[in-house]
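Take a look at the structure below.
Computed from heavy atoms alone, side chains included, the values below leave out hydrogens, waters and symmetry copies.
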Amino acid sequence: QVQLEESGGGLAQAGDSARVSCAASGLAFSTYGMGWFRQAPGKEREFVAAISWSGGTTYYAGSVKGRFTISRDNAKNTGYLQMNTLKPEDTAVYYCAAEITGRATGAMSEYDYWGQGTQVTVSS
């Protein structure tokens with residue numbers, strides 16, 4: 001069955017960098033678009049970043065643009081979210097998701113598979 005497993009979350013200080021990873025299995029990862037979303041306590045899940053199947057197209061939420069970078073290694077069936085200059089408001093559970101048509105999209109409803117999430121906590 002399809003599995004997306006996030007890792008790399010944890011505690012960070014404001015201004016630090018961190019990277020979360022998403023290991024995919026049970027699907028042809030190299031043909032899927034991939035996205036990162038996050039959900040802070042008491043808030044709705046929101047879009048963070050997305051990348052097309054080839055990595056040629058990326059798309060970011062305004063709140064992270066210029067600080068976060070999404071990437072993927074299709075040979076390793078793994079996606080990444082590099083987070084720089086972290087802020088306390090970046091504290092959330094981060095989820096990766098896979099989209100079957102291979103596009104980079106910010107629409108949650110268009111994703112077919114989701115991971116369980118990894119917590120990222122940024123202290124001030």
Side-chain angles (χ1 to χ4, degrees):
Q1 72 275 24
V2 175
Q3 277 194 302
L4 300 177
E5 186 171 358
E6 300 93 340
S7 62
L11 298 174
Q13 301 255 350
D16 282 355
S17 297
R19 188 176 78 164
V20 289
S21 301
C22 175
S25 60
L27 76 169
F29 179 74
S30 63
T31 68
Y32 279 70
M34 193 189 77
W36 286 96
F37 295 79
R38 66 187 183 187
Q39 187 165 17
K43 295 190 175 181
E44 305 257 320
R45 192 173 298 190
E46 64 175 5
F47 168 71
V48 176
I51 188 167
S52 61
W53 67 273
S54 66
T57 300
T58 56
Y59 177 38
Y60 296 92
S63 58
V64 306
K65 194 169 186 178
R67 298 189 298 123
F68 289 13
T69 302
I70 189 171
S71 62
R72 64 191 298 159
D73 185 337
N74 286 340
K76 295 182 178 179
N77 288 344
T78 301
Y80 305 97
L81 184 68
Q82 175 68 41
M83 303 180 288
N84 296 332
T85 319
L86 283 163
K87 303 176 181 180
E89 51 264 44
D90 294 320
T91 295
V93 176
Y94 283 72
Y95 299 90
C96 68
E99 187 275 339
I100 198 168
T101 70
R103 297 177 298 127
T105 174
M108 270 189 287
S109 61
E110 301 199 11
Y111 284 86
D112 301 278
Y113 301 105
W114 291 82
Q116 294 299 305
T118 186
Q119 176 72 46
V120 174
T121 302
V122 184
S123 61
S124 57

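For residues 106-117, the set of pairs meeting the salt bridge (charged side-chain N to carboxylate O under 4.0 Å, His left out) definition, not counting sequence neighbours, comprises R103-E110. The stretch residues 55-78 participates, sequence neighbours left out, in these ring-ring contact (aromatic ring centres under 6.0 Å, His included) pairs: F47-Y59. Among residue pairs with one or both ends in residues 115-124, none qualify as salt bridge (charged side-chain N to carboxylate O under 4.0 Å, His left out); sequence neighbours excluded. Sequence neighbours left out, not one pair with a member in residues 49-63 passes salt bridge (charged side-chain N to carboxylate O under 4.0 Å, His left out).
In this structure, R45 satisfies the cation-pi test against W114, with its NZ or CZ atom closer than 6.0 Å to the six-membered ring centre and inside 45 degrees of the ring normal.
Formation of a donor-acceptor pair under 3.5 Å by the E5 side chain with backbone atoms of G115 is not found in this model. In terms of modelled atom types and a separation under 3.5 Å, the side chain of E6 and the main chain of C22 share no donor-acceptor contact.
When the side chain to side chain contact (heavy atoms under 4.5 Å, CB included) test is applied to S7, the partners found at least two apart in sequence or on another chain are S21. Q3 pairs by the side-chain hydrogen bond (donor to acceptor under 3.5 Å, both in side chains) definition with nothing, not counting sequence neighbours. Checked against side chain to side chain contact (heavy atoms under 4.5 Å, CB included), Q13 has the following partners two or more places apart in sequence or in another chain: D16, S123. S25 meets the side-chain hydrogen bond (donor to acceptor under 3.5 Å, both in side chains) test with no other residue; sequence neighbours excluded.
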Side-chain polar contacts of residues 76-83 - donor-acceptor pairs under 3.5 angstrom, sequence neighbours left out - could you list them?
unit_1	atom_1	unit_2	atom_2	d
T78	OG1	K76	O	2.8
Q82	NE2	N84	OD1	3.0

Under 3.5 Å, side-chain donor or acceptor atoms of residues 89-96 against the rest of the protein: list the pairs with distances, not counting sequence neighbours.
unit_1	atom_1	unit_2	atom_2	d
D90	OD1	R38	NH1	2.9
D90	OD1	R67	NH2	3.0
D90	OD2	R67	NH1	2.8
D90	OD2	R67	NH2	3.4
D90	OD2	K87	N	2.8
T91	OG1	P88	O	2.9
T91	OG1	V122	N	2.8
T91	OG1	V122	O	3.3
Y94	OH	R38	NH1	3.0
Y94	OH	D90	O	2.6

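Looking only at side-chain heavy atoms (C-beta outward), F37 and E46 stay at 4.5 Å or farther from each other.
There is no path of hydrophobic side-chain contacts, each under 4.5 Å, that joins Y111 to W36. Side-chain heavy atoms closer than 4.5 Å link hydrophobic residues (I, L, V, M, F, W, Y) into clusters, and following such links, even through other members, never connects W53 to F29.
Atoms CZ and OG, from R72 and S54 in turn, are 8.0 Å apart once rounded to the nearest 0.5 Å.
A104 approaches S52 most closely through the heavy-atom pair CB-N, 3.6 Å.
Clustering of Ile, Leu, Val, Met, Phe, Trp and Tyr side chains at separations under 4.5 Å places L4 together with V2, L27, Y32, I100, Y113.
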